[in-house]
Trainee: 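Pasting in a structure now, in structure tokens, and then I'll have a few things to ask.
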2 protein chains.
Amino acid sequence: MPVAERRQALLDAATTVIARDGVRAASTRAIVREAGMSLASFHYAFESHTELMRHVVERVLVDEVHSVTEVLAGAAELTEGPVTLPELLGAALDGFVAAVEADPAREQAILELHQYALREPELADLVRAEYAAYDEAAAGVLTAAAAATGTRWTRSVEELARYVVTLTDGLTTSWLSFRDPERISAAREYAVAGILQFSEPDPDA
Amino acid sequence: MPVAERRQALLDAATTVIARDGVRAASTRAIVREAGMSLASFHYAFESHTELMRHVVERVLVDEVHSVTEVLAGAAELTEGPVTLPELLGAALDGFVAAVEADPAREQAILELHQYALREPELADLVRAEYAAYDEAAAGVLTAAAAATGTRWTRSVEELARYVVTLTDGLTTSWLSFRDPERISAAREYAVAGILQFSEPDPDA
DNA sequence: GTTACAGTGGGGCACATGTCCCAGACGAGC
DNA sequence: GCTCGTCTGGGACATGTGCCCCACTGTAAC
């Protein structure tokens, strides 16, 4: 078993344990047990538990950015025939919420890893980079949606995107506490309405 | 030293340790070291570390609800002379954000305790009760602000309140990651604008 | 002064954790 | 077949953890 593959297997196992039992429970032994390896194999693939955790944080956050970007892009490409701006934005937010609802354990793990990373000086930047990527993804959706519906934004797209990301963050934590779709849907509607305020027909379109 | 006082001191110490070093570091020994006691004193006041944590979660979350309610009520009572709805709502949100900015460690501790509580079946209800209290506080501010400015809401105040709470949650996590006032202020402005959509002059006022 | 007892400190138990070491297994090259 | 170097398993170490016990203090009652 090549080292690279073993590292991947250990990262997978660590992610599984964290999602199921929390960061607190992700001890070296729990991870190797999950991966079906011995402790020696662990320290053959990784310098230390700390290094493993660093890679876990990095991989999970990067993966999450990818999947979110994918979900948003998928919703934005759903433009079969004429679509309105609120429909597009609503679909994008629905896609995001559906992804969170589909795998709450993963989302909870991500939040725990955020906290973990924010406590480690050398990992804190990963969280900020993650949010920057979210901002970019949201900005992409906003501009694409406006372009597809002959509208334009009256405010900076970057600012609007940050607002959207802030809101999705709130939606995520709300879902993890209540698991209540109704509690989410109202906020979702208001969010869309809030953003629409800053759009207008594009005279150039 | 009476038992009740000792328990309070230990709760204080635990809160301090958690805010400074995280929940992960809040071991029994770390807490008694912070409180300047011996291990025996700890187990004289508390049945177990688990029981202590249960009380910590309860107290911190209840305290947070109180202080948030206080901040919001304070902002709402700032009605010297004629004030507009957006001013009132903006002031309330500013008060909230200022409280978060003033003590980020405490806010981070609260988020960690949320995660901790959500992992413990018997503590999860505390988080939900906390959010329910936030909802109520936000609803109170919304109705008070509307009444003070001769306006009324066109949507259910409960739903609007939940939206506000969701948003403040996002603002909090955003602040903890970036500590960037500008990043917050834009979202704050959009939030106010978003809510204002659902207000109208009250003909009965 | 003696007794009784709530309260406290130090030490110790059993267990879990991160890390390391060393004996052995495995397979490739000759 | 043999050797050599990579890889792996089990065991062990030091440390940290939650919890407990026993000896001791101080104080209050008589």
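Lettering follows sequence order; numbering is per chain, from 1. All values reported here derive from a predicted model rather than from experimental measurement.
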Trainee: Using whole Å, report how far CZ of A:Arg33 lies from P of C:dT17.
Mentor: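 My rounded result for the distance is 7 Å.
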Trainee: Starting at CD of A:Glu5 and ending at C1' of D:dT6, how long is that distance when rounded to a whole Å?
Mentor: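 In whole Å, D:dT6 C1' lies 16 Å from A:Glu5 CD.
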Trainee: Roughly how many Å is it from CZ in A:Phe42 to C1' in C:dG18, rounded to a whole number?
Mentor: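 It works out to 9 Å between those atoms.
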Trainee: To the nearest Å, give me how far apart CE (B:Met53) and C1' (D:dG18) are.
Mentor: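 To the nearest whole Å, that distance equals 14 Å.
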Trainee: A:Thr28 or A:Ala40: which one's nearest nucleotide on DNA chain C is closer to the 5' end?
Mentor: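 The answer here is A:Thr28.
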Trainee: Using a heavy-atom cut-off of 4.0 Å across all strands, would you classify B:Ser27 as base, sugar-phosphate, or nothing?
Mentor: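 Answer is sugar-phosphate: B:Ser27 comes under 4.0 Å of backbone atoms only.
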Trainee: Kindly write out the residues that satisfy side-chain hydrogen bond (donor to acceptor under 3.5 Å, both in side chains) with B:Thr151, not counting sequence neighbours, or none if the list is empty.
Mentor: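 B:Thr151 satisfies side-chain hydrogen bond (donor to acceptor under 3.5 Å, both in side chains) with B:Thr149 once adjacent residues are dropped.
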Trainee: Checking only heavy atoms, does the side chain of B:Arg29 share a donor-acceptor pair with the base of D:dG16 at less than 3.5 Å?
Mentor: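 There is none.
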Trainee: Starting from C1' on D:dC19, measure out to NE2 on B:His49 and report it in whole angstrom.
Mentor: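 Atom-to-atom, B:His49 to D:dC19, this comes out as 12 Å.
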Trainee: Under 4.5 Å between any side-chain heavy atoms of B:Arg119 and B:Gln115, yes or no?
Mentor: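 Side chain of B:Arg119 against side chain of B:Gln115, heavy atoms only: no contact under 4.5 Å found.
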Trainee: Distance check: side-chain N/O of A:Arg6 vs OP1/OP2 of D:dC7, anything under 4.0 Å?
Mentor: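 For D:dC7, neither OP1 nor OP2 has a side-chain N or O of A:Arg6 closer than 4.0 Å.
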Trainee: What is the separation between atom CZ on B:Phe46 and atom P on D:dC19, rounded to the nearest whole Å?
Mentor: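 One finds 12 Å between P of D:dC19 and CZ of B:Phe46, rounded.
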Trainee: Mapping A:Ser41 and B:Ala26 onto DNA chain D by nearest heavy atom, which one lands closer to the 5' end?
Mentor: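 On the 5' side of the pair lies A:Ser41.
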Trainee: From CG of A:Leu10 over to P of C:dT19, roughly how many Å is that when rounded to an integer?
Mentor: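 Checked: the CG to P distance equals 13 Å.
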Trainee: Checking side chain to side chain contact (heavy atoms under 4.5 Å, CB included) for the pair B:Ile31/B:Thr16: CA distance, chi angles, key distance, verdict?
Mentor: CA-CA 9 Å; B:Ile31 293 168; B:Thr16 303; over 6 Å; no
Trainee: Once you round it to whole Å, what is the distance between P of C:dT17 and CG of A:Leu39?
Mentor: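 After rounding, the reported distance stands at 10 Å.
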Trainee: Is the shortest side-chain N to carboxylate O distance from A:Arg183 to B:Asp135 below 4.0 Å?
Mentor: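 Counted as a salt bridge, because a side-chain N and a carboxylate O are separated by less than 4.0 Å.
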Trainee: Distance check: side-chain N/O of A:Thr50 vs OP1/OP2 of C:dG18, anything under 4.0 Å?
Mentor: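 Indeed not, no polar side-chain atom of A:Thr50 lies that close.
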Trainee: For the atom pair CD1 (A:Ile184) and OH (B:Tyr163), what is the distance rounded to the nearest 0.5 Å?
Mentor: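 Atom-to-atom, A:Ile184:CD1 and B:Tyr163:OH are 13.5 Å apart.
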Trainee: Classify B:His43 by what it touches in the nucleic acid, base, sugar-phosphate, or nothing, heavy-atom distance under 4.0 Å.
Mentor: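 Touches a base.
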Trainee: When all nucleic acid strands are considered with a 4.0 Å heavy-atom cut-off, which category describes B:Ser48: base, sugar-phosphate, or nothing?
Mentor: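 Sugar-phosphate, no base atom in range.
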